[in-house]
Amino acid sequence: MSLIISQKPLNTPGAIGVFDSGFGGLTILKSIVEELPQYDYVYLGDNARVPYGTRSYETVYNYTLECLQHLFDKGCNLVIIACNTASAKALRTIQQNDLLKINPHKRVLGVIRPTAEALISKTKNNNIGIFATNGTVTSNTFPIELHKLKHSLNVYQQPCTLWVPLIEANEHNSKGGTYFVQKYYNELLAQNPNIDTIALACTHYPLLLQQLQKIVAPNIKIIAQSDIVAKSLNKYLQRHPEMQLQCTTSGTRQFFTTDDTASFNEKATLFYNNEIQSQHLAL
Ligand code: DGL
């Protein structure tokens, strides 16, 4: 008796997808494009439903899966979830359950694991701080992932509820914005003044880097994610030549938003430093 094993064929090569709840993921895309300019990229910002940081598990999971499906429909075989909240609340279930059903040859990667690895390589005294959205903090994904890699760590999380709206309103450098940057920094350090390494674990927070560097004690290192994620993607593609073959290399960039394209184009420059012509994606 002969055994016939049916295997789905590998996918037609396509662009690399980058997904975020809104604009913030453009900070990650910018670094990825600098690191790996040869690839084609499709960015999707779910601006119509941002913020994800205040929403339930179920909502973040449903929104994320729906957006990923749109990126798969656009031919992406590899998608980076740039959003920490979506990485924290939806990535694991999508990797373990949904991808098998949708298409086992597609891959979805998040931002938390590479950030955790970077934090561990930088800390000297094992006291780590996390600035993140409320959703990322309550999911506990950072402490869980960090402790999987190293037991002897103390992880302190600070929800920074007002940072995303302040940045989206371009008010983060105002007097009020500066007050809230200082406030959340003080609250994190009040948990343990010996914290020596802090992650900016939200796609928007790199825009606060300069401000934070002015107030943070000189012995504390701040980790912004974009370069870490870009380098980690490069290493992933080197380790997975079969995925490289599924990613096209004409150097094109396409931008989709689920909300208004004109306001996306206007605000996007704050995060991407380049002009963007986006297209609307109807949910
Ligand atoms: N992109 C989200 C993150 O990185 C922040 C914005 C939001 O709350 O949706 O957590």
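What you are looking at is a predicted structure, and each value in this text was computed from that prediction instead of being measured. Read the numbers this way: they start at 1 and go in the same order the structure lists the ligands and their atoms.
Phe131 and Tyr185 have tilted rings, their planes meeting at an angle from 30° to 60° on a 0 to 90° scale.
Counting atoms of ligand 1 from 1 in the listed order, those under 4.0 Å from a heavy atom of Val50 are 9 (O). Listed by atom number, the atoms of ligand 1 under 4.0 Å from Asp20 heavy atoms are 1 (N). For ligand 1 and Ser21, the ligand atoms under 4.0 Å from any heavy atom of the residue are 1 (N), 2 (C), 6 (C), 7 (C), 9 (O). Those atoms of ligand 1 that come under 4.0 Å of a heavy atom in Gly53, given as number and element, are 7 (C), 8 (O), 9 (O).
Judged by distance alone, with hydrogens and angles left aside, the side-chain atoms of Thr258 form a donor-acceptor pair with the main-chain N or O of Ala48 at under 3.5 Å. Distance alone, capped at 3.5 Å, is enough to place a donor-acceptor pair between the Arg55 side chain and the Arg49 backbone.
Partners of Tyr205 under the ring-ring contact (aromatic ring centres under 6.0 Å, His included) rule, at least two apart in sequence or in another chain, are Trp163.
Among protein heavy atoms, the minimum distance from atom 2 (C) of ligand 1 is reached at Cys83 SG, 3.4 Å. Nearest protein heavy-atom contact of atom 5 (C) of ligand 1 is Cys202 SG, 3.4 Å.
The heavy atom nearest to atom 7 (C) of ligand 1, out of those in Tyr52, Tyr205, Trp163, is found in Tyr52. In the candidate list Asn84, Ile28, Val164, Asn84 is nearest to atom 4 (O) of ligand 1, counting heavy atoms. Among Thr85, Val111, Leu200, the residue whose heavy atom lies closest to atom 10 (O) of ligand 1 is Thr85.
Of the polar atoms of Thr54, none of the N or O atoms is found under 3.5 Å from an N or O of ligand 1, judged by distance alone.
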*Starting from the C-alpha separation in whole Å, work towards a yes-or-no answer on side chain to side chain contact (heavy atoms under 4.5 Å, CB included) for Leu109 and Leu78.*
CA-CA 8 Å; Leu109 306 175; Leu78 174 63; 4.0 Å; yes
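Taking the ring centre of Tyr63 as origin, the terminal cationic atom of Lys89 falls outside the region bounded by 6.0 Å and 45° from the ring axis.
Between Gln158 atom CD and Glu187 atom CD the span is 5.0 Å, to the nearest 0.5 Å.
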